[in-house]
Colleague: 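Below you will find the structure I want to go over with you.
Whatever order the structure lists them in is the order used to number ligands and atoms, beginning at 1.
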Amino acid sequence: MSWGPGPTIGPETRVLALTGAGVSAESGVPTFRGAGGLWRTHRAMDLATPEAFERDPALVWAFYAERRVRAAACAPNPGHLALARLEERLGDRFLLATQNVDGLHRAAGSRRLVELHGQLFSTRCSSCDRPPFEDRSAPAAPPRCDRCGGLLRPHIVWFGEQLDPDHLARVEAFLKSGGSQLVFLAAGTSGAVYPAAGLVSVARRAGAQTWLVNAEPADNTHLFEHFVEGPSGEVLPALFAQALS
Ligand code: OAD
């Protein structure tokens, strides 16, 4: 299948990519809202809020432990790799903001990366200010902090929690830092969760050309100039084939 030409990547082009769960779907990581999505069979409010963790930390911890086990068995797909190669090409003219917590962009080689919703393989204390630390373990019950005895939790931004303001500031600064050839490309995201879903509007105000790559129309498709409907593992390498050749 041919997906047509993607954005033109010239010597001045700057690209902000925003990814969501769909980009990892072809790696075997379940999405949230599409067919087979986690929020189709699990109640987000019982598993992904600070109140849920307070009420039943064992249930919440077990949910994320299972996701750790599943994600640890997954590898980056050609969509992740295309974005990592685009970064190699563009250097500081590229930034990747992801809503994914699975670590697959990093595994693919992306370094200019803002993980807006946290990291599945990091743990932090729910009580003290101990910094988050890398943790690939998946015990069935929530462990205790060895500094304060509080309950440990995954380093994930839950519903009702704020994104790290430095993360959002970095993304917005990239969008606003000038250049007439700005491209905003969202991939594999349903456009349902803010503030990520609102970045397309920020990008448009900054004069960006806007592209959406998704397996089906997203909630905010109408805000994009270009919509390429298809699996990101096939579409992203094809859209950037010329720039990466
Ligand atoms: P969603 O599950 O809401 O949306 C994934 C989108 O990807 C859907 O529109 C699918 O149609 C599309 N999709 C599925 N497979 C695809 C493929 N192979 N190629 C391209 N598109 C594909 O995931 P997000 O938009 O990332 O937050 O969800 C946003 C946030 O809501 C998540 O980060 C998560 C969730 O609650 C937290 O856990 C904090």
Colleague: Can you tell me if CD on E225 sees more than 12 non-hydrogen neighbours from other groups inside 6.0 Å?
Modeller: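 Check passes, neighbour count above 12.
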Colleague: Using a strict 4.0 Å cut-off to heavy atoms of A25, name the atoms of ligand 1 that fall inside it.
Modeller: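 Contacts of ligand 1 toward A25, numbered from 1: 15 (N).
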Colleague: Of the non-hydrogen atoms in E26 and S232, which two are nearest, and what is the gap between them?
Modeller: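 In this case the closest contact between E26 and S232 is OE2-N, 3.4 Å.
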Colleague: Which residue holds the protein heavy atom closest to atom 11 (O) of ligand 1, what is that atom called, and what is the gap in Å?
Modeller: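 Minimum-distance protein heavy atom for atom 11 (O) of ligand 1 reads E216 OE2, 2.8 Å.
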Colleague: Relative to the heavy atoms of P231, which atoms of ligand 1 are at a distance of less than 4.0 Å?
Modeller: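 Under 4.0 Å from P231, ligand 1 has these atoms: 17 (C), 18 (N), 19 (N).
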Colleague: Once you restrict to heavy atoms under 4.0 Å, what part of A215 touches ligand 1? Side chain, backbone, both or neither.
Modeller: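 Both the backbone and the side chain of A215 come within reach of ligand 1.
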Colleague: Could you see which bit of Q99 sits under 4.0 Å from ligand 1, with heavy atoms only: side chain, backbone, both or neither?
Modeller: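 Both backbone and side chain.
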Colleague: State plainly whether one hydrophobic cluster holds both F184 and F227, where clusters connect Ile, Leu, Val, Met, Phe, Trp and Tyr through side-chain heavy atoms under 4.5 angstrom apart.
Modeller: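 Yes: a chain of side-chain contacts under 4.5 Å links F184 to F227.
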Colleague: Side chains of H105 and S24: do they bring a donor and an acceptor to under 3.5 Å?
Modeller: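 No, S24 and H105 have no side-chain donor paired with an acceptor closer than 3.5 Å.
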Colleague: Which of the numbered atoms in ligand 1 are under 4.0 angstrom from any heavy atom belonging to G20?
Modeller: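 That gives atoms 26 (O) of ligand 1.
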Colleague: With a cut-off of 4.0 Å, which atoms of ligand 1 are near a heavy atom of A21?
Modeller: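 Near A21, meaning under 4.0 Å from one of its heavy atoms, ligand 1 has 23 (O), 24 (P), 26 (O).
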Colleague: At a 4.0 Å threshold, what atoms of ligand 1 neighbour a non-hydrogen atom of T189?
Modeller: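 It comes down to these atoms of ligand 1: 6 (C), 7 (O), 24 (P), 25 (O).
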Colleague: Quick one: does ligand 1 sit under 4.0 Å from the side chain of W158, the backbone, both or neither, non-hydrogen atoms only?
Modeller: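 W158 to ligand 1: no contact under 4.0 Å from either part.
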Colleague: If we only count N/O pairs under 3.5 Å, is H117 in contact with ligand 1?
Modeller: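 Indeed, backbone or side chain, H117 has an N or O that close.
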Colleague: With heavy-atom distances below 4.0 Å as the criterion, list the atoms of ligand 1 near G230.
Modeller: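 Heavy-atom distances to G230 below 4.0 Å select 19 (N), 20 (C).
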Colleague: Taking heavy atoms and a distance under 4.0 Å, where does V193 meet ligand 1: side chain, backbone, both or neither?
Modeller: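 V193 to ligand 1: side-chain contact only, backbone stays beyond 4.0 Å.
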Colleague: So which bit of V235 gets within less than 4.0 Å of ligand 1, heavy atoms only: side chain, backbone, both or neither?
Modeller: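 It is neither part, as no heavy atom is under 4.0 Å.
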Colleague: Rounded to the nearest 0.5 Å, what's the gap from CZ on R112 to CG on L83? Could you check?
Modeller: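 If I round to the nearest 0.5 Å, the distance is 13.5 Å.
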Colleague: Measure the distance from atom 39 (C) of ligand 1 to every protein heavy atom, then report the residue, atom name and distance (to 0.1 Å) of the closest one.
Modeller: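 Result for atom 39 (C) of ligand 1: V157 O, 2.8 Å.
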Colleague: By number and element, which atoms of ligand 1 are closer than 4.0 Å to a non-hydrogen atom of E26?
Modeller: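 Those atoms are 17 (C), 18 (N), 19 (N).
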Colleague: Compute the minimum heavy-atom distance from A187 to ligand 1 and say whether it is under 4.0 Å.
Modeller: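 Under 4.0 Å: no for A187.
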Colleague: Among protein heavy atoms, which sits nearest to atom 1 (P) of ligand 1, and what does the distance come to when rounded to 0.1 Å?
Modeller: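 Result for atom 1 (P) of ligand 1: S190 OG, 3.6 Å.
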Colleague: Name the closest protein heavy atom to atom 36 (O) of ligand 1, giving the residue it belongs to and the distance to 0.1 Å.
Modeller: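 It is W39 NE1, 2.8 Å.
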Colleague: At what distance, to the nearest 0.5 angstrom, does OG of S201 lie from CG of L223?
Modeller: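 That separation rounds to 5.0 Å.
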Colleague: Do R89's NZ or CZ and the ring of F94 fall within the cation-pi criteria of under 6.0 Å and 45°?
Modeller: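 The answer is no; the distance or angle limit is not met.
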Colleague: Return the option from T31, T221, N214 holding the heavy atom at the smallest distance from atom 8 (C) of ligand 1.
Modeller: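 Among T31, T221, N214, the closest heavy atom to atom 8 (C) of ligand 1 comes from N214.
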Colleague: Answer yes or no: does atom CD of E54 have more than 12 heavy-atom neighbours from other residues, nucleotides or ligands under 6.0 Å?
Modeller: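 No, because the 6.0 Å sphere around CD of E54 holds 12 heavy atoms or fewer from other groups.
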Colleague: Tell me: protein heavy atom nearest atom 5 (C) of ligand 1, and distance?
Modeller: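 I find the closest protein heavy atom is G188 O, 3.5 Å.
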Colleague: Can you report which non-hydrogen protein atom sits closest to atom 2 (O) of ligand 1, along with the distance?
Modeller: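 That would be F32 N, 2.7 Å.
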Colleague: Would one find more than 12 heavy atoms of other residues, nucleotides or ligands at under 6.0 Å from atom CD of E229?
Modeller: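 Yes, because the 6.0 Å sphere around CD of E229 holds more than 12 heavy atoms from other groups.
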Colleague: Check P237 against P78 and note the closest heavy-atom contact, atom names and distance.
Modeller: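 Of all heavy-atom pairs spanning P237 and P78, the closest is CG-O, 3.6 Å.
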Colleague: With a cut-off of 4.0 Å, which atoms of ligand 1 are near a heavy atom of F159?
Modeller: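 What qualifies from ligand 1 is 36 (O).
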Colleague: To which of E229, R33, R67 does the heavy atom nearest atom 28 (O) of ligand 1 belong?
Modeller: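 Considering heavy atoms of E229, R33, R67, the nearest to atom 28 (O) of ligand 1 sits in R33.
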Colleague: Atom CZ of residue position R43 - does it have more than 12 heavy atoms of other residues, nucleotides or ligands inside 6.0 Å?
Modeller: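 Open: at most 12 neighbouring heavy atoms sit under 6.0 Å from CZ of R43.
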Colleague: Which is it for F63 and R67 under the side chain to side chain contact (heavy atoms under 4.5 Å, CB included) test, yes or no, and what are the steps along the way?
Modeller: CA-CA 6 Å; F63 172 70; R67 285 182 62 197; 3.6 Å; yes
Colleague: Checking a contact table here: which protein heavy atom is nearest atom 19 (N) of ligand 1, and how many Å away?
Modeller: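 Looking at atom 19 (N) of ligand 1, the protein heavy atom closest to it is S232 N, 2.9 Å.
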Colleague: Evaluate the salt bridge (Lys or Arg N to Asp or Glu O under 4.0 Å) criterion for residues R106 and E134: first the C-alpha distance (whole Å), next the side-chain angles of each, then the deciding distance (0.1 Å), finally the verdict.
Modeller: CA-CA 13 Å; R106 201 167 282 282; E134 190 179 338; over 6 Å; no
Colleague: If you have a sec, work out which protein heavy atom is nearest atom 14 (C) of ligand 1 and how many Å separate them, to one decimal?
Modeller: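 For atom 14 (C) of ligand 1, the nearest protein heavy atom comes out as G22 CA, 3.8 Å.
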